[in-house]
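A quick note: this is a predicted structure, and the numbers were derived from the prediction, not measured. All ligand and atom numbering here is 1-based and tracks the order in the structure.
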Amino acid sequence: MQATPADPSIPDAFLTPVEHLFVRNHLGPPPELDAASWTLTVEGLVERPLWLDLSALRGLERTSLTAFHECFGSPARPDVPTRAVANLEWSGVALAEVLALATPRPQARHIWFEGADRGSFAGESGLTYLKDLPLDRAREEVLLADTVNGEPLPARHGFPLRAVAPRMFATNSVKWLTRVVLADHRPEHLFTTRLYTRAPAGGGAPRPVREVDVNSRLLAPHHGGAVPAGTSQVTGRAWSFEPVVAVEVAVDDDGWRPALLQPRGPQPVWQRFTLPCRLTPGPHRIRCRATDARGRVQPPSGARNAVHTVEVLAV
Ligand SMILES: Nc1nc2c(c(=O)[nH]1)N[C@H]1C(S)=C(S)[C@@H](COP(=O)(O)O)O[C@H]1N2
Ligand SMILES: [Mo]
């Protein structure tokens with residue numbers, strides 16, 4: 001996978017500037033799509049198959065969405081934390097608007113999203129980037145976005161149109177979207193049934209990587225940095241499928257203390273937390289741990305959403 005790392009110094013801003021946003025492409029460089037000839041097809045179990053060009057799409061009612069955007073990380077290493085996360089404002093057309101035009105048949109249960117990129121991954125060639133979601137879920141939440149943070153989508157982030165599946169790992173947010181298929185079954189494909197699946201904690205059949213875990217990331221102080229000894233403001237961001245209801249911070253082996261946490265509000269945005277901490281001169285280990293409205297807590301270690309730790313030197 002071509003991946004630029006998340007900027008190690010994510011700016012402490014509510015919206016992540018697009019130039020700080022990570023890029024994840026499985027099938028090579030971004031396809032160069034021509035806005036004038038691009039179309040989105042909607043086919044399969046629908047009463048009216050559609051071929052929409054950009055002007056037809058832009059004639060539909062517009063809406064916007066601000067949401068966190070989290071990469072799952074390598075599908076081969078599902079337990080390794082990456083904390084590649086951003087918070088972005090998207091605008092475009094609700095998937096539901098397009099589905100209302102196409103009218104899914106009653107047998108349609110699943111929706112497939114395919115991008116225009118073509119290439120090889122994990123030894124398989126001739127691949128497209130294909131993902132699927134349960135239709136009901138996608139109809140409620142998915143946005144077909146043509147802008148990010150108020151600007152047209154850059155080529156690397158999916159120009160001219162991408163799906164945005166809020167509260168799900170960003171692997172589901174298909175870039176360079178050109179085809180939507182309504183079906184009564186899930187597609188058998190490298191990126192749907194063979195990769196991007198994981199075994200549930202309690203055992204059982206692997207499930208597709210969709211709903212994000214409860215997670216948090218310290219932004220300040222920076223890992224490996226030096227801070228003045230004394231009181232230091234510890235800051236970070238927390239996010240989950242459900243709203244985060246608590247974040248705790250621990251310095252060294254002192255106990256967990258509750259941080260001040262911004263509420264999530266109606267949109268699935270990341271939540272800022274802060275806690276003033278006293279740091280005596282010398283090295284320190286600072287940790288943060290989020291709990292969400294479902295009662296899920298970040299595990300101490302061994303998981304992709306394990307407690308985040310930074311090491312700093314107070315001088
Ligand atoms: N068409 C297409 N869509 C894609 C991908 C891809 O390789 N091709 N990568 C996915 C993954 S794994 C992630 S994390 C997000 C990253 O979106 P970004 O590059 O805009 O940050 O796009 C998703 N959508
Ligand atoms: Mo990803």
Using non-hydrogen atoms of the residue, decide whether [X] is closer than 4.0 angstrom to ligand 1.
X: E114; value: no
X: R162; value: yes
X: Y196; value: yes

(message) Does ligand 1 come near enough to D117 that some N or O of the ligand is less than 3.5 Å from an N or O of the residue?
(response) yes
(message) What I want to know is whether F22 and ligand 1 share at least one N or O pair that is separated by under 3.5 angstrom.
(response) yes
(request) Give a yes-or-no answer on whether the side chains of Q271 and W239 include a donor-acceptor pair shorter than 3.5 Å. (result) no
Atom indices of ligand 1, in the order listed, that fall short of 4.0 Å to a heavy atom of [X]:
X: R24; result: 5 (C), 6 (C), 7 (O), 9 (N), 11 (C), 13 (C), 14 (S), 16 (C), 19 (O)
X: N25; result: 7 (O)
X: S173; result: 22 (O), 23 (C), 24 (N)
X: W176; result: 1 (N), 2 (C), 8 (N)
X: C71; result: 14 (S)
X: V23; result: 19 (O)

(request) Please assess T16 against F22 for the test side-chain contact (heavy atoms from CB on, under 4.5 Å), listing each intermediate value before the final yes or no. (result) CA-CA 10 Å; T16 307; F22 56 82; over 6 Å; no
(message) Just to be sure I read this right, does ligand 1 sit under 4.0 Å from the backbone of A84, its side chain, both, or neither, counting only heavy atoms?
(response) neither
(message) Using every non-hydrogen atom in the two residues, find where L275 and R257 come nearest and quote the distance to one decimal.
(response) CD2-NH2, 3.6 Å
(request) Return each pair, listed once, that meets ring pair (Phe, Tyr, Trp, His ring centres under 6.0 Å) where at least one residue sits in residues 270-315; pairs must be two or more places apart or across chains. (result) none
(message) Just to be sure I'm reading this right: ignoring hydrogens, which of K131, K175, R156 gets closest to atom 19 (O) of ligand 1? Compare them by their nearest heavy atoms.
(response) K175
(message) Is any side-chain heavy atom of V148 closer than 4.5 Å to one of E89?
(response) no
(message) Do D117 and K175 make a side-chain contact, defined as non-hydrogen atoms from C-beta onward lying under 4.5 Å apart?
(response) no
(request) Please confirm whether R179 makes a cation-pi placement over W112, using NZ or CZ under 6.0 Å from the six-membered ring centre and within 45° of the ring normal. (result) no
(request) With salt bridge (Lys or Arg N to Asp or Glu O under 4.0 Å) as the test, would you mind laying out the steps for R58 and D146 before giving the verdict? (result) CA-CA 9 Å; R58 289 187 179 141; D146 60 358; 3.2 Å; yes
